[in-house]
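The figures here come from the full heavy-atom set of this structure, side chains too, leaving out hydrogens, waters and symmetry mates.
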Amino acid sequence: MSVSFIGLSILFFGFYAILANFKKQKKSFNFRVLSALAAGLLFGGAIQLVFGVGNVATSGFAELISVFGKGYIKLLQMIVIPLVFVAMISSIMNVEGGGALSRIAPKIIGILLFTCAISAAVGIASIYLFGIDANALVSTIGTNSAIEARGDSLIATQDAMASSGLSGMALSIIPTNIFDMLTGSERTSTLSTVLFGMFLGYCILQVKNRKPEKVQNFVDFINSAKEVVLSMVREILKLTPYGVFALMTTFMMTNDLFALAEMGRFLLASYVAIGVMFAIHFVMVSMFGLSPAKFMKKIWPVLVFGFGSRSSMAAIPLNVETQTQRLGVDEETANMSATFGTSIGQNGCAGIYPAMLAIMAAQVMGMPVDLGFIAQLIAVIAIASFGIAGVGGGATFAAVAVLTIMGLDITVVAILVSIEALIDMARTALNISGSMLSGVLTAKKNGSLNTEQYNADVTATVTKEAAV
């Protein structure tokens with residue numbers, strides 16, 4: 001056991017002790033997550049500067065902390081399907097009023113797709129605004145063996161998508177075996193779960209209207225299952241600061257900072273595009289006669305969690321809680337918007353990112369990018385946004401799907417996977433903002449928004465129950 005391994009391990013677990021002390025001091029959940037994120041970036045960067053990338057002296061330490069980082073991610077993945085399943089069934093079966101469902105779901109989906117299309121246009125504009133040349137990026141970085149290996153894996157994924165065609169991708173959303181669907185083994189498992197959950201919830205609703213006594217036990221079971229799953233989510237959320245610190249440390253110590261500097265312009269362009277979309281969200285809120293400042297203040301804690309965890313699915317309980325208790329959205333709308341927003345019309349992962357990569361891929365292939373190409377690209381992005389899982393790495397699948405449909409090369413996807421984590425944090429926060437926006441605007445349009453609650457001054461912190 002090397003001295004470097006022991007020293008790095010002491011520092012790593014020393015910060016874990018600090019995080020535990022922060023909790024004892026009753027520091028807010030947001031403070032602990034942001035502290036872990038910043039410390040992980042600094043610690044991992046310092047390790048790389050001292051030891052370099054891929055140093056044998058740090059390989060054992062990297063393997064150790066991967067247990068904590070990857071373990072946290074696997075826990076989030078473990079809970080995704082159960083959470084989406086019970087949340088979707090519950091939100092549909094508890095809708096009051098015969099026409100309430102038809103007044104809520106189409107508006108939420110429409111807003112999500114509309115903002116996804118806008119985000120695609122913003123992503124396209126950012127490429128030209130920053131003058132990003134994909135050819136220079138490919139020639140500078142594209143010869144790395146690790147990138148070539150990632151490219152081979154992505155090509156296999158692209159070939160599978162291309163062989164099924166657009167109709168095959170659409171049909172893959174309909175589950176043929178619900179038990180296989182619940183394993184989460186397919187790219188479309190999340191949306192398939194949403195679809196089946198909606199169907200089951202609707203059928204329960206129909207039986208409730210005809211013979212409520214026949215289905216009451218099942219309704220009670222689903223509501224109880226939802227509470228149990230939410231309790232599981234809360235237990236996992238407690239680990240967020242620790243998981244974030246391990247993930248950020250791993251990212252910074254295993255990615256060449258000097259190579260990442262070559263991608264700095266793309267990183268900056270991505271964050272500017274994401275910032276512009278946040279501004280558009282606030283403008284849309286104001287267009288409906290609501291205060292964008294109130295909206296931002298109240299959703300901020302959920303965005304912080306999404307930024308650190310890179311999972312909009314794990315944020316569903318905080319998303320729903322914020323909408324219902326702070327923004328004045330009715331429970332049915334909040335549940336549907338939070339759930340739909342994890343797999344339909346994600347503004348960051350399924351909108352901005354695939355649009356930027358598609359333009360760069362066209363540059364590499366020498367294809368002319370005219371208004372017809374851009375219009376087709378935006379339409380494809382909106383359609384392909386169905387079924388993109390709201391967990392880390394979902395944007396890569398979205399990009400591969402869009403590039404496959406458009407017949408574009410995926411070399412840039414393999415190259416930019418290196419900085420996925422840095423961009424994905426902000427993209428996830430934008431995805432969550434988009435889902436909450438759809439809930440607020442839908443409730444406002446349907447007249448179910450409690451404007452007094454929306455305008456009330458509430459301290460923007462996540463509740464103790466949700467984020468201990």
Side-chain angles (χ1 to χ4, degrees), residues 113-143 147-148 150-152 154-170 262-274 276-277 280 345-386 388 395-420 423 427:
L113 294 182
F114 177 69
T115 54
C116 184
I118 293 176
S119 67
V122 170
I124 293 169
S126 68
I127 291 291
Y128 293 105
L129 178 65
F130 284 86
I132 295 174
D133 183 2
N135 290 292
L137 188 68
V138 171
S139 63
T140 303
I141 308 175
T143 57
I147 291 174
E148 291 177 357
R150 289 196 297 262
D152 292 340
L154 291 173
I155 287 172
T157 302
Q158 186 180 41
D159 290 342
M161 289 182 178
S163 63
S164 65
L166 188 58
S167 61
M169 291 174 65
E262 296 290 340
M263 307 181 199
R265 188 181 298 178
F266 178 82
L267 183 65
L268 179 60
S270 298
Y271 268 82
V272 169
I274 291 168
V276 169
M277 270 312 298
I280 291 173
Q346 294 178 12
N347 289 189
C349 292
I352 289 176
Y353 191 66
M356 296 177 72
L357 265 60
I359 297 298
M360 294 172 70
Q363 292 175 347
V364 172
M365 298 177 68
M367 293 179 61
V369 180
D370 53 19
L371 289 178
F373 178 90
I374 291 174
Q376 181 186 5
L377 175 60
I378 292 174
V380 166
I381 285 172
I383 294 169
S385 72
F386 281 80
I388 303 303
T396 298
F397 287 103
V400 172
V402 169
L403 268 59
T404 300
I405 296 171
M406 296 290 292
L408 297 171
D409 183 75
I410 61 171
T411 301
V412 291
V413 181
I415 293 173
L416 294 170
V417 165
S418 301
I419 57 173
E420 262 285 284
I423 306 174
R427 283 194 314 239

A.B. asks: Search all heavy atoms of I381 against all heavy atoms of C116 and return the closest pair with its distance.
C.D. replies: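 Heavy-atom minimum between the residues: CG2-SG, 4.0 Å.
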A.B. asks: Using atom types as modelled, flag every donor-acceptor pair under 3.5 Å from a side chain in residues 365-375 to any protein atom, sequence neighbours excluded.
C.D. replies:
unit_1	atom_1	unit_2	atom_2	d
D370	OD1	G372	N	3.3
D370	OD1	F373	N	2.8

A.B. asks: Check whether any side-chain heavy atom of M356 lies under 4.5 Å from a side-chain heavy atom of I124, and answer yes or no.
C.D. replies: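 No; the side chains remain at least 4.5 Å from each other.
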A.B. asks: What's the spacing between Q346 CD and S119 OG if we round to 0.5 Å?
C.D. replies: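 Answer rounded to 0.5 Å: 10.0 Å.
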A.B. asks: Less than 4.5 Å apart, any side-chain heavy atom of P354 and any of L403?
C.D. replies: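 SC-SC contact between P354 and L403 ruled out.
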A.B. asks: Rounded to the nearest 0.5 Å, what separates atom CD in Q363 from atom CD1 in I127?
C.D. replies: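 Reported to 0.5 Å precision, the distance equals 6.5 Å.
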A.B. asks: Quick check: do N347 and I352 have side-chain heavy atoms less than 4.5 Å from each other?
C.D. replies: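 A side-chain contact under 4.5 Å is absent here.
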A.B. asks: Within a strict 4.5 Å, meaning less than it, do heavy atoms of the L267 and I423 side chains meet?
C.D. replies: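 Yes, their side chains come closer than 4.5 Å.
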A.B. asks: Can you find a pair of side-chain heavy atoms, one from F266 and one from L357, that are under 4.5 Å apart?
C.D. replies: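 Yes. Closest side-chain heavy atoms under 4.5 Å.
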A.B. asks: For M277 and I118, work out which heavy atoms get closest and say how close.
C.D. replies: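 Heavy-atom minimum between the residues: SD-CG2, 3.8 Å.
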A.B. asks: Go through the steps for V364 and L408 under the test side chain to side chain contact (heavy atoms under 4.5 Å, CB included), then give the verdict.
C.D. replies: CA-CA 9 Å; V364 172; L408 297 171; over 6 Å; no
A.B. asks: Between V402 and A384, which heavy-atom pair has the shortest distance, and what is it?
C.D. replies: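 Smallest heavy-atom distance, with atoms named: CG2-CB, 4.0 Å.
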A.B. asks: Taking all atoms of both residues into account, what is the closest heavy-atom pair of A269 and S126, and its distance?
C.D. replies: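 Nearest heavy atoms, A269 then S126: O-CB, 3.8 Å.
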A.B. asks: Heavy-atom count check: over 12 atoms from other residues, nucleotides or ligands less than 6.0 Å from F114 CZ?
C.D. replies: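 Result for CZ/F114: open.
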